[in-house]
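Okay, structure first, notes after.
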Amino acid sequence: NLSVKDVGDKINFGKVLVVNARKRAEVRMKDLTVAEKQDMRAAIQKEWGSWLDTDAIRIVNKSKVPKGKKIIRSRMVLTLKDIVEGGVSTGQKKCKARYVVLGYEKTFHEETQERCDAPTVQRVASRVCMQIAASLGWKCRSGDITTAFLRGERLKEPYYIYLAPELGYPEDMVGEVWISVYGCLL
């Protein structure tokens with residue numbers, strides 16, 4: 001699902017920076033209202049469904065993990081995202097769940113020794129890029145590809161992850177991951 005929005009020539013970068021600067025703080029399920037918990041459970045199901053639908057992962061017994069293979073931790077990141085229309089927050093929040101592999105636990109590929117964690121851009125670097133674009137009068141565009149990180153090429157061999165408790169699997173089950181995913185590039 002690719003949606004591209006043309007921001008245009010006349011953009012209030014101050015407003016954009018303020019909206020983007022709002023921290024999307026991680027939340028805990030126990031701190032949510034009853035309605036938010038219901039929405040968050042739906043968000044978790046949607047996120048996990050994306051992993052299963054794209055064949056990014058298979059659930060296997062821990063005994064099937066080859067000897068010497070490290071099992072990496074993973075977790076569900078829950079946030080309440082501001083709903084923004086026209087660069088202005090509506091005051092409403094949307095529940096967002098993202099399942100991530102803690103790639104920093106496996107920073108180099110076992111065979112090639114290539115870096116395989118997935119670092120992200122720092123907020124300051126993002127703001128510098130926005131300022132340069134504004135100074136040069138560039139037209140800015142933004143895009144989003146739904147489940148982009150789950151659409152990579154299939155790996156030659158899988159890596160293994162512990163499953164987050166929110167998913168409800170028994171402790172002796174692990175995930176056999178076949179593509180690079182959020183937090184871990186192989």
Side-chain angles (χ1 to χ4, degrees), residues 1 20-83 92-110 114-126 144-186:
N1 224 13
N20 288 336
R22 286 195 189 107
K23 192 170 184 174
R24 228 186 300 167
E26 191 171 344
V27 296
R28 294 179 296 192
M29 191 68 93
K30 69 178 187 172
D31 297 332
L32 301 175
T33 66
V34 173
E36 288 171 335
K37 285 179 185 178
Q38 185 176 355
D39 290 346
M40 193 61 79
R41 283 189 200 96
I44 290 169
Q45 289 299 334
K46 181 179 178 187
E47 174 68 7
W48 187 240
S50 295
W51 278 63
L52 296 172
D53 292 346
T54 57
D55 294 323
I57 193 167
R58 279 187 22 201
I59 308 305
V60 298
N61 193 288
K62 196 186 289 186
S63 65
K64 302 286 185 195
V65 176
K67 271 199 189 279
K69 280 281 190 183
K70 182 178 180 180
I71 303 174
I72 307 168
R73 291 184 302 146
S74 62
R75 69 189 198 94
M76 193 65 72
V77 176
L78 309 175
T79 58
L80 290 174
K81 182 180 176 182
D82 284 334
I83 297 175
Q92 297 177 313
K93 304 263 187 197
K94 176 182 178 181
C95 293
K96 180 82 175 155
R98 173 80 66 212
Y99 196 62
V100 298
V101 173
L102 303 182
Y104 61 83
E105 292 186 349
K106 181 183 176 79
T107 55
F108 292 95
H109 190 276
E110 292 161 356
E114 292 176 343
R115 189 174 178 155
C116 61
D117 58 337
T120 58
V121 68
Q122 292 181 347
R123 182 171 281 147
V124 171
S126 176
D144 184 32
I145 300 173
T146 306
T147 64
F149 241 100
L150 297 176
R151 299 179 187 277
E153 291 184 28
R154 194 164 174 84
L155 301 171
K156 291 178 185 167
E157 62 180 59
Y159 58 98
Y160 297 87
I161 62 172
Y162 291 107
L163 300 170
E166 296 94 335
L167 301 175
Y169 291 97
E171 286 187 26
D172 64 338
M173 302 304 279
V174 295
E176 181 181 74
V177 183
W178 283 92
I179 63 171
S180 296
V181 295
Y182 311 109
C184 193
L185 302 173
L186 291 176

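Note that the structure is a prediction, hence the values are computed from the model and not measured.
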Report task. Sequence neighbours left out, what passes side-chain contact (heavy atoms from CB on, under 4.5 Å) with P66? Give chain and number order. Result -> K69, Y160

Report summary line: Partner of V27 under side chain to side chain contact (heavy atoms under 4.5 Å, CB included), picked from T79, L78, V77, is L78

Query - Least distance between heavy atoms, M76 atom then Y99 atom - result: CE-CD1, 3.5 Å

Query raised in the report: How long is the gap from CD on Q45 to CG on L52, to the nearest 0.5 Å?
Result: 9.5 Å

Report task. Kindly compute the distance separating NZ (K70) from CD1 (I161), expressed to the nearest 0.5 Å. Result -> 13.5 Å

Report task. For residues I72 and V177, determine if any side-chain heavy atom of one lies less than 4.5 Å from a side-chain heavy atom of the other. Result -> no

Report task. Enter the distance from N61:CG to Y169:OH here, rounded to the nearest 0.5 Å. Result -> 13.5 Å

Report summary line: Looking only at heavy atoms, the pair that brings W48 and I59 closest together is CZ2-CD1, 3.7 Å

Query raised in the report: Between L167 and W51, is any pair of side-chain heavy atoms under 4.5 Å apart?
Result: no

Query raised in the report: Tell me, which pairs form a side-chain hydrogen bond (donor to acceptor under 3.5 Å, both in side chains) where one or both residues lie in residues 35-44, sequence neighbours left out?
Result: T33-E36

Query raised in the report: Looking only at heavy atoms, what is the nearest atom pair of S74 and A164, with distance?
Result: OG-N, 4.2 Å

Query raised in the report: Are any of the side-chain heavy atoms of K62 and Y162 separated by less than 4.5 Å?
Result: yes

**Report entry** Sequence-distant partners of K93, side-chain contact (heavy atoms from CB on, under 4.5 Å), two or more places apart
**Finding:** L80, D82

Report task. Not counting sequence neighbours, list each pair that qualifies as a salt bridge (charged side-chain N to carboxylate O under 4.0 Å, His left out) and has a residue in residues 165-181. Result -> R58-E176

Query raised in the report: Rounded to the nearest 0.5 Å, what separation is found between the NZ atom of K64 and the CE atom of M173?
Result: 10.0 Å

